[in-house]
Amino acid sequence: TNNAIAIESDCQSCPEGFFQFSLAQSECTSCKSGQYADKKGESNCKSCAAGSSYRNTISPCIPCEVGKYQDLNSGYSQLSCKPCLIGSYSTGTGTATCTKCGEGKYGNPGDPIKNSAAHCLNCQDGKYQNQVGKFTCKDCPIGFYMPSFFNDPRTSCLACEASEQP
């Protein structure tokens with residue numbers, strides 16, 4: 001076969017973790033770190049896709065767990081999946097990005113797993129958030145307020161009337 005090496009009088013397939021793409025070679029080439037060949041007789045090494053992490057040169061990549069992501073697509077730096085940052089979450093396995101909390105919400109700093117939209121909490125009374133993916137809400141400026149009856153999203157504060165104070 002094309003991806004075999006000659007040993008004495010027989011040709012043999014390259015073992016897992018090795019490859020050979022040229023004819024009539026006496027040696028196989030080892031896969032680089034960050035790549036793998038999970039079957040005998042591979043003609044090239046495979047790279048991990050985004051959303052997965054590298055294990056070793058002979059095993060397929062592992063999909064990222066819920067609450068984690070991997071935005072790189074191959075290489076030594078892809079040894080593990082990264083946890084979603086506070087203010088973002090992932091609900092499935094094998095994700096390349098995390099979903100950011102929406103406007104009017106902030107990421108729960110007490111949630112270590114970040115595996116659902118429940119990680120994102122509504123801004124408290126007197127606060128708002130007009131950006132996505134944040135881990136805190138902003139205080140309403142002087143002369144503005146956020147009432148407790150106001151339903152989300154709390155993306156901006158309400159102005160006080162001329163005769164009112166917050």
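Just so we're clear, the structure is a prediction, and the values are computed from it rather than from any experiment.
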Quick one, Cys61 and Tyr36 - any side-chain contact, counting heavy atoms below 4.5 Å? yes
Quick one: does Gln25's side chain have a donor or acceptor within less than 3.5 Å of a partner on Glu27's backbone? no
Side chain proximity check, Ser30 to Phe18, heavy atoms < 4.5 angstrom: yes
According to salt bridge (charged side-chain N to carboxylate O under 4.0 Å, His left out), who are the partners of Lys134, at least two apart in sequence or on a separate chain? none
What's the shortest heavy-atom distance between Asp71 and Ala50, and which atoms? O-CB, 4.1 Å
Could you go through Ser33 and Tyr54, starting from their C-alpha distance and side-chain angles, then the distance that decides it, and tell me whether this counts as side chain to side chain contact (heavy atoms under 4.5 Å, CB included)? CA-CA 9 Å; Ser33 184; Tyr54 171 74; 3.9 Å; yes
Using the rule that Ile, Leu, Val, Met, Phe, Trp and Tyr join whenever any side-chain heavy atoms are under 4.5 Å apart, tell me whether Leu158 and Tyr128 fall into a single cluster. yes
Value for NZ (Lys82) from CD (Gln70), rounded to nearest 0.5 Å, stands at 5.0 Å
Lys100 vs Gln131 side-chain heavy atoms within contact, under 4.5 Å: no
How about Cys137 and Gln124: do any of their side-chain heavy atoms sit closer than 4.5 Å? yes
Run the numbers on Lys138 and Lys127 for side chain to side chain contact (heavy atoms under 4.5 Å, CB included), then give the verdict. CA-CA 5 Å; Lys138 303 171 187 176; Lys127 296 182 179 275; over 6 Å; no
Minimum heavy-atom separation for Tyr69 and Ala96, please, with both atom names. CD1-O, 3.4 Å
Let me confirm one number: the NZ-CZ distance from Lys105 to Arg154, rounded to the nearest 0.5 Å. 10.5 Å
Rounded to the nearest 0.5 Å, how far does CG of Asn130 lie from SG of Cys157? 9.5 Å
Looking at SG of Cys81 and CD of Glu65, how far apart are the two atoms once the value is rounded to the nearest 0.5 Å? 7.5 Å
Do the side chains of Lys68 and Ser90 get nearer than 4.5 Å, heavy atoms only? no
Name all residues meeting the side-chain contact (heavy atoms from CB on, under 4.5 Å) criterion together with Asn56; count only those two or more places apart in sequence or in a different chain, and write none if there are none. Ile58, Ser59
If you measure from CG on Leu79 to SG on Cys48, what distance do you get to the nearest 0.5 Å? 9.0 Å
Inter-residue atom distance Ile86.CD1 - Thr136.OG1, 0.5 Å rounding: 10.5 Å
Ala159 versus Tyr145, closest heavy-atom pair with distance: O-CE2, 3.7 Å
Heavy-atom side-chain contact between Cys101 and Tyr106 under 4.5 Å: no
Do the non-hydrogen side-chain atoms of Glu103 and Gln129 ever get within less than 4.5 Å of each other? no
Side chain Ser52, main chain Pro63, donor-acceptor under 3.5 Å: no
Taking the side chain as C-beta and beyond, is there a heavy-atom pair between Asn44 and Gln35 under 4.5 Å? no
Show me the donor-acceptor pairs within less than 3.5 Å that the side chains of residues 110-121 make with the rest of the protein, sequence neighbours left out.
unit_1	atom_1	unit_2	atom_2	d
Asp111	OD1	Ile113	N	3.3
Asp111	OD1	Lys114	N	3.3
Asp111	OD2	His119	ND1	3.0
Lys114	NZ	Cys84	O	3.4
Lys114	NZ	Pro112	O	3.3
Ser116	OG	Ala118	N	3.2
His119	NE2	Gly87	N	3.0

Heavy-atom pair with the smallest gap, counting every atom of Glu42 and Lys39: CG-O, 3.1 Å
Within the side chain of Gln20, is there an N or O that forms a donor-acceptor pair under 3.5 Å with the backbone of Thr29? no
